[in-house]
> 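Before we start, here is the structure in question, set down as structure tokens.
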Amino acid sequence: MSIGLLGLAVLAPDLQAAASARVHERPTVTYGGLELPVPAGWRVYDLAAEPTRCVRFDEHAIYVGVPRGEQDCPARIVGRTEAVQLTPIASDGGRRRAAARRRLSSLRIEDGPSGEARIDLPEAGVRITGVYGERRDLLESTLRAASAGPGRTEAAPPEEPGTVGRRAWATGPGFDTCAAPLLSTMRAFRQAYAVANIYIGGAARGCSQYNLSASWIRSVRQYGYRLIPTYVGLQAPCTGYRTRFKAKEAAEQGRAAAGDAVARARYFGIPRKKPIYFDMENYDSDDTACRTAVMTFLHAWTRRLHELRYKSGVYSSAGSGIRDLGRATGIKKPNAVWFAHWDGKARTTGSPYLPDTWWATHRRIKQYRGGHTEKHGGVKLNVDSNMVDGLVY
């Protein structure tokens, strides 16, 4: 027995229990031509029925379809576990696989700094985006249980073009939010802001970025926005996040993160000589070994970005990552910093953690207020508030 809705069929667990002949079968999601058994304990969300649900990667879940409304996400989610999102792509009508369904039982997911795998199945009209935290094997086994054949899904929404170029820095109020908003929301918020953050990738990026694309970036820049490209990679070894780098591999993993961040930037059309900020969340700065590992990681991040001809930025707490960078010796420091200090003061100078001589002259962004809801142009969004006097795209 199953429940069907706009191409989605989910076998309800309570109805499954009543069907004794099928009591040992797993619930299954059917989307387009894809059939995916649901792992025990995972939830399934139909975005056609819940168009504003936040597609978040810090909990075990399968998200099906296209977010049609503004996602109701917190301003910030860091860290991830294993999750899957199914979205539509152009179908080839099953012509390439008309004779049989394709089994995914031999699927291999390579380990990489992004913690993410994308699998296009044109015969099914479906794109699988799978993410993993500590258990790449769990994501792999989940997707290996699927099969794909001819099917039809909803059409993907069109994207908007545009382009613009500007100076290397910007000043004024900015906002950041977990998932790239709809273009209509960006237009509405333009009356209050001219700078916004985008999360372009990383193994600890917590939200899906369905809206984010090269054409989305061109469009919002055409609206007059400057952007803060941010990569949420592996976190400090002394934190509680699931996705952490190992102290003994800090330099290697810092370089790998920079390489992946540049690949993501190029994918989104962000050219060379532009900044990419690494999001290093707060950690125990009094832990000497951990602090040393973070500085080694960020040193490698900056050096590799410079080798690849991008500018280096770092986001972190004013009292841990940014203060430690400022005090450190013998390392390559980033070109710009974005520091979190939620004191409610919309200014980039006068910090008790950062002397004004550190990263002076258009090289600072301050996040001065955490997550809260704002409304502009009739549209609500959960955001963090920033004051910008720093490098942007």
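This one's a predicted model, so the numbers in the text were calculated from it and none came from an experiment.
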> For the CZ atom on Arg266, are there more than 12 heavy atoms of other groups (residues, nucleotides or ligands in this structure) within a distance under 6.0 Å?
yes
> If only atom types and distance count, is the side chain of Arg264 paired as donor or acceptor with the main-chain N or O of Ile200 below 3.5 Å?
yes
> Using only the SG atoms, establish whether Cys178 and Cys73 come within less than 2.5 Å of one another.
no
> I want to know whether Phe278 and Phe297 have ring centres closer than 6.0 Å.
yes
> Do Asp324 and Tyr283 have a side chain donor and acceptor closer than 3.5 Å?
yes
> Given salt bridge (Lys or Arg N to Asp or Glu O under 4.0 Å), test Arg205 with Glu116 step by step and report yes or no.
CA-CA 10 Å; Arg205 185 178 67 175; Glu116 187 167 317; 3.4 Å; yes
> For Arg190, does the CZ atom sit with more than 12 other heavy atoms under 6.0 Å from it, leaving out its own atoms?
yes
> Closest heavy-atom contact between Gly65 and Leu47?
O-CD1, 3.5 Å
> Which heavy atom of Asp176 sits nearest to which heavy atom of Arg76, and what is that distance?
OD2-NH2, 3.3 Å
> Judged by atom type as modelled, is there a donor-acceptor pair below 3.5 Å linking the side chain of Thr177 to the main-chain atoms of Ala179?
no
> May I ask you to establish whether Arg221 and Tyr393 are in a cation-pi arrangement, using a distance under 6.0 Å from NZ or CZ to the six-membered ring centre and at most 45° from the ring axis?
yes
> For the hydrophobic clusters of this structure (ILVMFWY residues joined by side-chain heavy atoms under 4.5 Å, transitively), does one cluster hold both Ile276 and Leu234?
yes
> Between His362 (side chain) and Ala170 (backbone), is there a donor-acceptor pair under 3.5 Å?
no
> Mind listing the closest non-hydrogen atom pair of Leu183 and Ser219 along with its distance?
CD2-CB, 3.9 Å
> Filter on salt bridge (charged side-chain N to carboxylate O under 4.0 Å, His left out), then keep only pairs touching residues 306-323, sequence neighbours left out; what's left?
Arg255-Glu307, Arg304-Glu307
> For Tyr353, what residues pass the side-chain hydrogen bond (donor to acceptor under 3.5 Å, both in side chains) criterion, not counting sequence neighbours?
none
> With distance as the sole criterion, is a donor-acceptor pair present between the side chains of Tyr132 and Asp111 under 3.5 Å?
yes
> For the ring-ring contact (aromatic ring centres under 6.0 Å, His included) test, which of Trp338, Tyr277, Tyr199 pairs with Tyr315?
Trp338
> If I compare all heavy atoms of Pro74 with all of Cys54, which pair ends up nearest, and what's the gap?
CD-SG, 4.3 Å
> Quick one: is the NZ or CZ of Arg167 closer than 6.0 Å to the six-membered ring centre of Trp169, and within 45° of its axis?
yes
> Evaluate the salt bridge (Lys or Arg N to Asp or Glu O under 4.0 Å) criterion for residues Arg53 and Asp72: first the C-alpha distance (whole Å), next the side-chain angles of each, then the deciding distance (0.1 Å), finally the verdict.
CA-CA 6 Å; Arg53 173 169 288 280; Asp72 186 16; over 6 Å; no
> Within a strict 4.5 Å, meaning less than it, do heavy atoms of the Glu252 and Phe245 side chains meet?
no
> Considering non-hydrogen atoms only, spot the tightest contact between Ala83 and Phe57 and give its length.
CB-CD2, 4.0 Å
> Under 4.5 Å between any side-chain heavy atoms of Met186 and Asn211, yes or no?
no
> Surrounding NZ of Lys332 (heavy atoms of other residues, nucleotides or ligands, distance under 6.0 Å), is the total greater than 12?
no
> So, Arg43 and Glu59, do they make that salt bridge, N to O below 4.0 Å?
no
> Would you indicate whether the side-chain heavy atoms of Cys290 and Asp284 approach each other to under 4.5 Å?
no
> Under a 3.5 Å cutoff, is there a donor and acceptor pairing between the side chains of Thr185 and Glu70?
yes
> Which heavy-atom pair separates Gly259 from Leu308 by the least distance, and what is that distance?
CA-CD1, 4.1 Å
> Give a yes or no on whether the backbone of Thr171 and the side-chain of Asp389 come within a donor-acceptor separation of less than 3.5 Å.
no
> Between Tyr45 and Tyr63, how do the two ring planes meet: parallel, tilted or perpendicular, split at 30° and 60°?
parallel
> May I ask you to decide whether Arg369 forms a salt bridge with Asp384, counting only side-chain N to carboxylate O separations under 4.0 Å?
no
> Compare all side-chain heavy atoms of Ile365 with those of Val337 and state whether any distance is below 4.5 angstrom.
no
> Do the side chains of Trp342 and Lys366 get nearer than 4.5 Å, heavy atoms only?
no
